[in-house]
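What follows is a single structure, written as structure tokens, with notes after it.
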Amino acid sequence: MFKKNDFNNNLLEWYQSNKRSLPWRETTDPYKIWLSEVMLQQTQVITVIPYYKKFITKYPLLTDLADADEEALLKDWEGLGYYNRIRNFQAAVKEVSSKYDAKVPDQPDKFFELKGVGPYIGGAVQSIAFNHALAAVDGNVLRVMSRLNQDARDVTKASVQKSIKEEIETLIPLEAGDFNQALMELGATTCTPRAPKCVICPVQEHCEAYSSHSVFDFPVKKKAKRKKEESYNIFFILNDKNEVLLSKQEDNLLKGMYEFPKYDVDTSIENIEEDLNLSLDQPNIHAGSEKHVFTHKVWYMEAYILYTFSPHENFVPLKQVRELPMSKAMQKLFNLIEV
DNA sequence: GAGACGTGGAT
DNA sequence: TATCCAAGTCT
């Protein structure tokens with residue numbers, strides 16, 4: 001391992017003069033810092049900024065978010081993805097509200113028990129908000145550390161991440177929060193995946209991969225699996241009152257978001273009538289098709305318009321559809337019939 | 001440990 | 001077009 005003091009000094013000095021101005025760096029409120037970390041999971045800074053601003057305006061206090069309507073939260077989160085994050089976060093702040101008098105626990109073991117708090121969020125919040133000497137190991141940090149040490153282990157493995165976290169915790173100086181943010185900032189802006197700016201790197205002299213011209217060999221990751229492809233027919237079922245059938249997704253994928261009736265391509269109209277308990281008039285108008293790509297699967301969707309005179313509790317006026325939380329997949333489809 | 005879980009941007 | 005990546009966590 002490299003010289004700890006030199007490394008820390010170089011890194012922290014670089015951070016102080018190069019850190020980006022980000023909205024969550026303007027607060028010391030642990031709730032807001034925590035909120036930003038939840039939003040930043042697998043999500044780029046540039047994407048998070050407007051959502052973070054909206055949330056701290058609408059829910060300035062931890063108790064505001066704890067007491068909010070879940071569907072309203074989901075609507076505000078719409079487009080950010082990984083929708084379980086906001087459900088888990090609300091469950092966690094509810095617990096903080098009732099159990100800890102609405103004060104975010106500054107004891108790591110208590111904080112780690114909360115829903116949605118894993119090794120990264122726990123370390124990030126406890127170090128940035130309370131200066132506890134815990135590492136915050138994200139994708140940036142894994143890349144930086146693997147290059148510094150020419151660490152050829154597969155960084156997608158939890159065991160390797162844990163090992164790197166422990167190694168970093170032997171390095172953490174008194175300014176724990178700044179140190180963690182400096183490491184992440186270095187990865188995000190300088191030690192980047194494809195075009196690292198080694199010539200201006202503040203810790204170049206400590207980097208084994210740089211000295212041996214092997215920066216591009218790190219980090220080592222196993223290849224991503226091929227996405228599963230699924231095909232669906234989606235139906236805009238309209239009645240004579242300008243309403244469309246829309247129901248809340250109960251499955252894990254996009255849970256809580258609203259969707260138009262969606263069936264495997266081999267499902268017959270008769271089966272759909274039976275499933276929805278209504279009768280559908282022909283003709284079946286093809287409204288268009290869309291492809292939607294998730295992290296782990298691809299949806300190929302064909303949209304059709306159908307009419308009915310049957311009553312159903314899930315009809316929503318067309319003008320109110322956009323007030324409900326909907327995934328990008330469903331929004332793309334809805335755009336086919338309503339601009 | 002491995003797979004589920006969104007979306008958008010870069011190459 | 002295909003693939004990777006982005007301040008990860010849960011089951």
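Being a predicted model, the structure only gives us computed values, none of them experimental. Proteins come first, then strands; the chains are lettered A, B, ... in the order of their sequence lines, and each starts at number 1.
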>> Heavy atoms from C-beta onward define the side chain here; which of C:dT9, C:dA6, C:dC5 lies closest to that of A:Gln42?
In response: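 For the A:Gln42 side chain, the nearest candidate turns out to be C:dA6.
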Counting any heavy atom closer than 4.0 Å, what does [X] reach on the DNA or RNA strands: base, sugar-phosphate only, or nothing?
| X | result |
| --- | --- |
| A:Leu80 | base |
| A:Ala224 | sugar-phosphate |
| A:Ser36 | nothing |
| A:Gly187 | nothing |
| A:Arg87 | nothing |
| A:Leu22 | base |
| A:Val141 | nothing |
| A:Lys223 | sugar-phosphate |
| A:Val293 | base |
| A:Thr43 | base |
| A:Trp24 | base |

> Given B:dG8, is OP1 or OP2 found less than 4.0 Å from the side-chain N or O atoms of A:Lys328?
Replying inline: yes
>> Check the orientation of A:Tyr210 and A:His213. Use parallel for under 30°, tilted for 30 to 60°, and perpendicular for over 60°.
In response: tilted
>> Ignoring hydrogens and geometry beyond distance, is a side-chain donor-acceptor pair present between A:Tyr258 and A:Glu71 at under 3.5 Å?
In response: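 Judged by distance alone, the side chains do pair up.
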> Just checking, is any N or O donor in the side chain of A:Glu13 or A:Asn9 under 3.5 Å from an acceptor N or O on the other one?
Replying inline: no
>> Between A:Lys115 and A:Glu95, does any side-chain N to carboxylate O distance fall below 4.0 Å?
In response: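 Not counted as a salt bridge, because no side-chain N and carboxylate O are separated by less than 4.0 Å.
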